[in-house]
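Lettering follows sequence order; numbering is per chain, from 1.
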2 protein chains.
Amino acid sequence: MDAVDRQIIAALRVNGRATYADLGRQVGLSASAVHERVGKLESTGVITGYHAVVEPTAVGLGVTALVGIVPTDTGDNEEIAEALAELPEVESCYAVAGDEAFVVKVRVPTVDELERTLGRLRRIDGVARTRTTVVLSTRFEGRPNNAEVAPG
Amino acid sequence: MDAVDRQIIAALRVNGRATYADLGRQVGLSASAVHERVGKLESTGVITGYHAVVEPTAVGLGVTALVGIVPTDTGDNEEIAEALAELPEVESCYAVAGDEAFVVKVRVPTVDELERTLGRLRRIDGVARTRTTVVLSTRFEGRPNNAEVAPG
DNA sequence: ATCTGCCGGTCGACAGCGTCCACGGCGCCA
DNA sequence: TGGCGCCGTGGACGCTGTCGACCGGCAGAT
């Protein structure tokens, strides 16, 4: 992976629908060469996908929370992670150091639904309790740190 | 916004580079009609953008942390949020209920760099202290809750 | 009832793009 | 030196993006 790959990555993180021709013009290669490079970045797992980002409230997901997951003494983290992945409202899942084994971000339509989700989380085998931080607003999210990837 | 819009949104959240023709075949409209709808979803801010998702470690961002920001008694949340937004390593920023005013997710290359970032966070006017949760691994992230958006 | 305007659709033209492949240049190694 | 792998260009061809003309359905006004 060289500086040109990094430029391509940075550009696609900003605009995931950029055409190969656009990218080529940006990095000084032909569209075919860019296509080849992007294909390689995808097949090697550097680029894992392209996604539209949607304003959550516009699609009815008006409640966001960060939930710490505290395991039981005998809980198995792999199994807990698998169970967390089964819940569609769990958008992100981080294994963390500390009392909590995981912090998850959930998005649901209402506070009632959040309560139900918390119940579901607590019913996972190996989960002792949860610690909920209600998000009042999402100031920004998923912003790529392109300063490190393609400096300049 | 109707059920077809929701289908389009769901499909674009899965594959942000889907062609209008692909989407049209999925929802039973012509490419032009889909293009028109997508344009409207973009211009009304429902779809805020399209982004490549990149494996952080592949681009040198091997350290992730969730950092709670505890404000001083006189700290101004708007000013803190603006300062947080100035730091490229801060990928996400949530205003939260509780002791902390914000929780931010930071991604940096090394633990040394994390320490520097924490210093920068603590030096923001209005920030009393930070509480860091080191992420050991990102199990998954930014997964769209399409079950709510386009059930089916 | 009819008429009008709006909305959302199809269709087609045309420039541009995506995909694939042939080919060439360059660097490295035996 | 020659051979190989890598990475690039360029071209062919089907597909797509963009735009505009046109149409039909629906709601509201007369």
Side-chain angles (χ1 to χ4, degrees), chain A residues 1-61 142 144 146 148-152, chain B residues 1-62 142 144 146-152:
Chain A
M1 193 163 80
D2 64 4
V4 174
D5 282 334
R6 286 169 178 271
Q7 276 184 278
I8 291 169
I9 287 167
L12 283 169
R13 280 170 114 182
V14 172
N15 174 15
R17 286 180 76 91
T19 64
Y20 297 115
D22 285 339
L23 295 167
R25 284 185 286 265
Q26 281 184 60
V27 303
L29 292 180
S30 69
S32 291
V34 169
H35 183 235
E36 191 70 31
R37 282 176 177 249
V38 172
K40 202 161 289 182
L41 292 169
E42 288 167 0
S43 66
T44 57
V46 175
I47 294 179
T48 58
Y50 304 87
H51 306 286
V53 173
V54 175
E55 175 55 50
T57 52
V59 292
L61 298 173
N146 277 339
E148 289 290 339
V149 176
Chain B
M1 192 162 78
D2 64 5
V4 172
D5 282 334
R6 286 168 179 272
Q7 275 184 277
I8 291 169
I9 287 168
L12 282 169
R13 281 170 114 183
V14 172
N15 174 16
R17 286 181 76 90
T19 64
Y20 296 115
D22 284 338
L23 294 167
R25 285 189 284 267
Q26 281 185 61
V27 304
L29 292 180
S30 69
S32 290
V34 169
H35 182 236
E36 191 70 30
R37 280 176 179 252
V38 172
K40 203 161 290 181
L41 292 168
E42 288 166 1
S43 66
T44 57
V46 175
I47 293 179
T48 58
Y50 305 87
H51 304 286
V53 174
V54 174
E55 176 56 51
T57 51
V59 291
L61 298 173
N146 277 339
E148 288 290 339
V149 177

Participant: How sharply is the helix from C:dA1-D:dT30 to C:dA30-D:dT1 bent, taking the axes over five pairs at either end and rounding to 10 degrees?
Facilitator: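 About 20° separates the two local helix axes.
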Participant: What's the shortest heavy-atom distance between B:Arg17 and A:Ala18, and which atoms?
Facilitator: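 That closest heavy-atom pairing would be NH1-O, 2.8 Å.
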Participant: Can you run down the salt bridge (Lys or Arg N to Asp or Glu O under 4.0 Å) pairs that involve residues 44-54 of chain A, sequence neighbours left out, and say none if there aren't any?
Facilitator: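 Applying salt bridge (Lys or Arg N to Asp or Glu O under 4.0 Å) to every pair that reaches into residues 44-54 of chain A, excluding sequence neighbours, yields nothing.
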Participant: Can you tell me how far P of C:dA22 sits from CD of A:Glu36, to the nearest Å?
Facilitator: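 The answer, rounded to whole Å, is 14 Å.
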Participant: Enumerate the salt bridge (Lys or Arg N to Asp or Glu O under 4.0 Å) contacts for residues 51-60 of chain B, please, sequence neighbours excluded, ordered by first and then second residue.
Facilitator: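 Counting only pairs at least two positions apart or across chains, no salt bridge (Lys or Arg N to Asp or Glu O under 4.0 Å) contact touches residues 51-60 of chain B.
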Participant: Can you sort out the partners of A:Asp22 under side-chain hydrogen bond (donor to acceptor under 3.5 Å, both in side chains), two or more places apart, ordered by chain and number?
Facilitator: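 Only A:Thr19, A:Arg25 meet the side-chain hydrogen bond (donor to acceptor under 3.5 Å, both in side chains) criterion with A:Asp22.
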Participant: Taking only residues at least two apart or on different chains, which pairs with a member in residues 4-47 of chain B satisfy ring pair (Phe, Tyr, Trp, His ring centres under 6.0 Å)?
Facilitator: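 Every ring pair (Phe, Tyr, Trp, His ring centres under 6.0 Å) pair that includes a residue of residues 4-47 of chain B, provided the two are not neighbours, is B:Tyr20-B:His35.
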Participant: By a strict heavy-atom criterion of less than 4.0 Å, which residues belonging to residues 5-15 of chain A are in contact with DNA chain C?
Facilitator: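 Under 4.0 Å from DNA chain C: no residue of residues 5-15 of chain A.
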Participant: What pairs of nitrogen or oxygen atoms, one from the protein and one from nucleotides 14-19 of chain D, lie under 3.5 Å apart?
Facilitator:
from   : atom 1 : to      : atom 2 : distance (Å)
D:dT16 : OP1    : B:Arg25 : NH2    : 3.4
D:dG17 : OP2    : B:Tyr20 : N      : 3.0
D:dT18 : OP2    : B:His35 : NE2    : 2.9
D:dC19 : N4     : B:Ser32 : OG     : 2.9

Participant: Taking side-chain contact (heavy atoms from CB on, under 4.5 Å) as the test, write out the residues that go with A:Ser30, two or more places apart.
Facilitator: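 Only A:Ser32, A:Ala33 meet the side-chain contact (heavy atoms from CB on, under 4.5 Å) criterion with A:Ser30.
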Participant: In whole Å, I'd like the distance from the CE atom of B:Met1 to the C1' atom of C:dG8.
Facilitator: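 After rounding, the reported distance stands at 17 Å.
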Participant: For A:Leu23 and C:dT19, give me the distance from atom CG to atom P, rounded to whole Å.
Facilitator: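 In whole Å, C:dT19 P lies 13 Å from A:Leu23 CG.
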Participant: Okay, side chain of A:His51, backbone of B:Gly16: is any donor-acceptor separation there less than 3.5 Å?
Facilitator: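 Checking the backbone N and O of B:Gly16 against the side chain of A:His51, no donor-acceptor pair under 3.5 Å is found.
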Participant: Does D:dC7 have OP1 or OP2 sitting under 4.0 Å from an N or O in the side chain of A:Lys40?
Facilitator: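 Answer is yes, contact under 4.0 Å.
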Participant: Using the side-chain contact (heavy atoms from CB on, under 4.5 Å) criterion, which residues pair with A:Val27? Sequence neighbours excluded.
Facilitator: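 Counting only residues at least two positions away or on another chain, A:Val27 forms a side-chain contact (heavy atoms from CB on, under 4.5 Å) with A:Val4, A:Gln7, A:Ile8, A:Leu29, A:Val34.
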Participant: For residues 27-37 of chain A, which residue pairs qualify under salt bridge (Lys or Arg N to Asp or Glu O under 4.0 Å), counting only residues two or more places apart or in two chains?
Facilitator: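 Listed once each, the pairs are A:Asp2-A:Arg37, A:Asp5-A:Arg37.
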Participant: Residues two or more places apart in sequence or in another chain: which of them pass side-chain contact (heavy atoms from CB on, under 4.5 Å) with A:Arg6?
Facilitator: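 Listed in chain order: A:Met1, A:Val149, A:Ala150.
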Participant: Figure out the CG/C1' separation between A:Leu29 and C:dC17, and round it to whole Å.
Facilitator: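 Rounded to the whole Å, the gap is 17 Å.
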Participant: Would you please name every residue forming a side-chain contact (heavy atoms from CB on, under 4.5 Å) with A:Glu42, sequence neighbours left out?
Facilitator: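 Partners of A:Glu42 by the side-chain contact (heavy atoms from CB on, under 4.5 Å) criterion, ordered by chain and then number, come out as A:Val38, A:Ile47, A:Tyr50.
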